[in-house]
Number of protein chains: 2
Amino acid sequence: MELREFRVFLAVAEEGSVSAAARRLRVSQPAVSQTIAALEQQTGLDLLVRRSTGVGLTDAGTVLAAEARAVLARYEQALTAVGQFATTGDTELRIGVPLEFPPLLLPDAVAALASTHPRTRVAVRHLSSATQLDALRAGDLDLGLLRSRPADRDLDAMVVVEEKLGVLLAATAERPDPDSVRLESLAGLSWVGFPRADSPVWFDEIAAVLRSHGLNPGSPAAPGQSLIAEVKFAAVSAGQAFTFAPEKWTQPLPPSVAWTALTGAPLVRRTWAVWLADSRRRDLAALVSHLDQG
Amino acid sequence: MELREFRVFLAVAEEGSVSAAARRLRVSQPAVSQTIAALEQQTGLDLLVRRSTGVGLTDAGTVLAAEARAVLARYEQALTAVGQFATTGDTELRIGVPLEFPPLLLPDAVAALASTHPRTRVAVRHLSSATQLDALRAGDLDLGLLRSRPADRDLDAMVVVEEKLGVLLAATAERPDPDSVRLESLAGLSWVGFPRADSPVWFDEIAAVLRSHGLNPGSPAAPGQSLIAEVKFAAVSAGQAFTFAPEKWTQPLPPSVAWTALTGAPLVRRTWAVWLADSRRRDLAALVSHLDQG
DNA sequence: ACCGCCCATAAGCGAGGCTTATCGCGGCCG
DNA sequence: CGGCCGCGATAAGCCTCGCTTATGGGCGGT
């Protein structure tokens with residue numbers, strides 16, 4: 001299974017014909033036949049149905065075609081990236097950011113990076129922690145910012161922020177002490193947060209804290225409809241729910257919502273910077289150290 | 001640039017030594033030297049710094065190493081998928097779903113698919129329209145459900161849902177007619193929706209409608225902090241904002257929020273099923289047809 | 001029935017990637 | 001300070017693999 005074989009197979013799949021594929025690839029027809037035969041032997045699958053008018057894909061062939069396309073696409077992307085570096089010297093540093101990441105931290109670090117590594121272009125994407133882990137391992141992301149330390153051996157991690165969380169409540173909620181609340185006193189409300197799939201570890205931490213204070217974390221939203229968050233969060237200012245938030249909330253709060261400190265249950269949200277342990281990128285190392293000092 | 005060269009280069013990069021890489025790959029040292037030389041010639045870049053104690057990566061080498069890792073990772077994934085099919089006959093059909101997709105539509109179609117194609121495992125991911133387009137083209141997604149018809153020639157598309165949108169308003173809002181509102185009457189409120197980057201086409205459609213009715217679409221949230229939606233949406237029930245929603249809203253509305261039909265400006269949200277035009281997957285075709293009839 | 005196009009098979013050839021042999025260089029130790 | 005060892009580069013030969021041309025069987029259209 002080599003790229004050459006993928007290219008040949010895709011040509012056959014797209015042309016629906018061995019001969020036509022051979023013409024397109026500017027090789028002889030037997031060369032294509034041999035390559036297909038080799039693929040079928042390696043996979044142990046019938047990839048093509050031979051008809052007298054040409055060939056069609058079997059189900060197995062369809063699977064292989066899709067995978068082959070994906071591999072070749074990633075390969076082309078790699079060539080582009082290398083070519084880009086060869087001509088302009090520019091490198092892209094791809095960073096993933098979770099929800100509610102302190103908005104100043106990253107721009108400051110990126111600005112510091114720009115002065116020392118002017119040829120590094122930073123591309124930031126909003127991604128859940130789980131997605132970032134996959135992307136890091138797949139090489140589609142250079143630096144992740146996530147809400148849990150990965151167990152993985154070949155990922156390095158460093159805490160970049162620790163935020164002491166308070167709660168957001170409806171401004172009209174009755175509070176014995178206006179400056180702080182205890183989790184237990186929120187028993188009548190439901191917690192609104194984020195889908196568990198986005199960051200299972202952090203979700204479970206929160207759920208454990210809630211349970212230990214007599215609160216019901218609530219049924220996690222059913223997969224497939226987990227993100228219909230718009231209406232849910234309206235519940236906060238309607239006095240039906242609460243959510244956690246750090247004290248230094250950067251967005252202006254609407255008057256109907258107020259932040260209050262938590263007492264009794266220090267809930268700390270950590271955000272880790274995570275990167276492939278065997279990455280030797282100096283711009284990445286520089287950015288991480290800026291995040292560390294910032 | 002072939003996979004073999006990538007593997008050799010990565011071995012050298014990870015070992016920090018040509019000789020050690022050769023031992024690991026169970027080939028002779030000159031074979032590795034020759035491969036590296038070929039790579040350097042093809043790229044026109046110096047990939048390694050030769051030190052008497054071994055070799056190190058140049059910046060160019062670091063870029064290539066990262067790309068090579070990504071390509072090989074995708075390649076391994078392809079082998080796994082094909083092997084999976086070869087042994088179990090199972091195929092994965094990867095589907096992307098946007099926010100607020102009618103929750104029954106997909107499960108029904110998937111159930112219908114399961115009866116005709118029992119070996120197809122469906123994997124659903126919540127992704128923005130923009131992300132889905134990339135994933136489709138990269139071969140990382142088999143079927144996308146998005147809020148705009150792609151201009152792309154090699155993507156086929158079909159409308160699966162048209163939803164006539166109304167507005168969600170604070171239940172306490174004054175409404176001359178309780179059963180419908182005109183967009184113009186919402187001039188004092190701000191629209192809360194989704195980040196433009198998630199689905200630029202649909203966003204711009206909405207923005208155009210708003211402007212044509214004398215409303216200000218508002219400044220799109222600054223990139224990098226666009227998704228801090230929790231507090232924003234509290235604004236709806238606080239009477240500061242409105243959002244669009246189809247009439248058949250599946251989640252129970254909190255009492256502080258009410259749905260109202262729109263008159264004067266029929267705003268229709270279409271969701272398209274999108275797939276690679278040259279995909280011949282029969283399970284995909286079956287699912288699409290179920291979505292069409294459902 | 002024949003011709004044309006399809007794909008598969010067979011046999012020969014050439015290039016590319018392997019091998020072994022050898023060199024130059026620098027670090028390290030006696 | 002000299003010799004030695006391990007590093008990587010170069011040279012030359014060989015073998016495998018993927019190409020070629022030649023050919024055969026099967027099916028459809030005229």
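Convention: sequence-line order gives letters A, B, ...; per-chain numbering from 1.
- Remark: B:Ser19 is in phosphate contact with D:dG8, judged by side-chain N or O atoms under 4.0 Å from OP1 or OP2.
- Taking atom CG of B:Leu25 as the reference point, atom P of D:dG8 lies 13 Å away to the nearest angstrom.
- Rounded to whole angstrom, the span from the CZ atom of A:Arg7 across to the P atom of D:dG18 amounts to 13 Å.
- Judged by distance alone, the side chain of B:Arg119 and the main-chain N or O of B:Thr88 form a donor-acceptor pair under 3.5 Å.
- Distances shown here put a side-chain N or O of B:Ser33 below 4.0 Å from the OP1 or OP2 atom of D:dA9.
- Taking 4.0 angstrom as the limit, A:Arg50 places none of its side-chain polar atoms (N or O) nearer than this to OP1 or OP2 of C:dC6.
- Residue contacts shown for B:Arg51 are absent, as no nucleic acid heavy atom lies under 4.0 Å away.
- The residue B:Val32 sits apart from the nucleic acid: no heavy atom pair falls under 4.0 Å.
- Nearer the 5' end of DNA chain C, as judged by each residue's closest nucleotide, is the contact made by A:Gly16, out of B:Val27 and A:Gly16.
- B:Leu57 has its CG atom 13 Å from the P atom of D:dG8, to the nearest Å.
- Remark: A:Ser17 is in phosphate contact with C:dC7, judged by side-chain N or O atoms under 4.0 Å from OP1 or OP2.
- The main-chain N or O of A:Trp275 is never found under 3.5 Å from a side-chain atom of A:Asp156 such that the two would form a donor-acceptor pair.
- Counting heavy-atom neighbours within 6.0 Å of B:Arg50 CZ, excluding the residue itself, gives a total above 12.
- Heavy-atom nearest nucleotides on DNA chain D were determined for A:Glu5 and for A:Pro30, and the one closer to the 5' end corresponds to A:Glu5.
- Side-chain contact between A:Glu40 and A:Leu45: absent, with no pair of heavy atoms (C-beta onward) separated by less than 4.5 Å.
- For B:Arg4, a side-chain nitrogen or oxygen approaches OP1 or OP2 of C:dC18 to under 4.0 Å.
- In this entry the distance linking CZ of B:Phe9 with P of D:dG8 reads 14 Å, nearest Å.
- At a cut-off of 3.5 angstrom, counting only N and O atoms as typed in the model, there is a donor on one side and an acceptor on the other between the side-chain of A:Gln34 and the base of D:dT20.
- The listed nucleotides are D:dC27, D:dG8, C:dC7; the one nearest the side chain of A:Ser52 is D:dC27.
- Following rounding to the nearest Å, A:Gln29 (CD) and D:dT20 (C1') show an atom-to-atom distance of 12 Å.
- Remark: P of C:dT9 and CD1 of A:Ile36 are 13 Å apart, rounded to the nearest angstrom.
- Interatomic distance, CD of A:Glu2 versus CZ of B:Arg4, reported as 9.0 Å (0.5 Å rounding).
- Set against D:dT20, D:dG8, C:dC6, the side chain of A:Ser28 has D:dT20 as its closest nucleotide.
- If you take CD of A:Gln41 and C1' of C:dT9, they are 14 Å apart, rounded to a whole angstrom.
- Rounded to whole Å, the distance from CG on B:Leu3 to C1' on C:dG16 is 16 Å.
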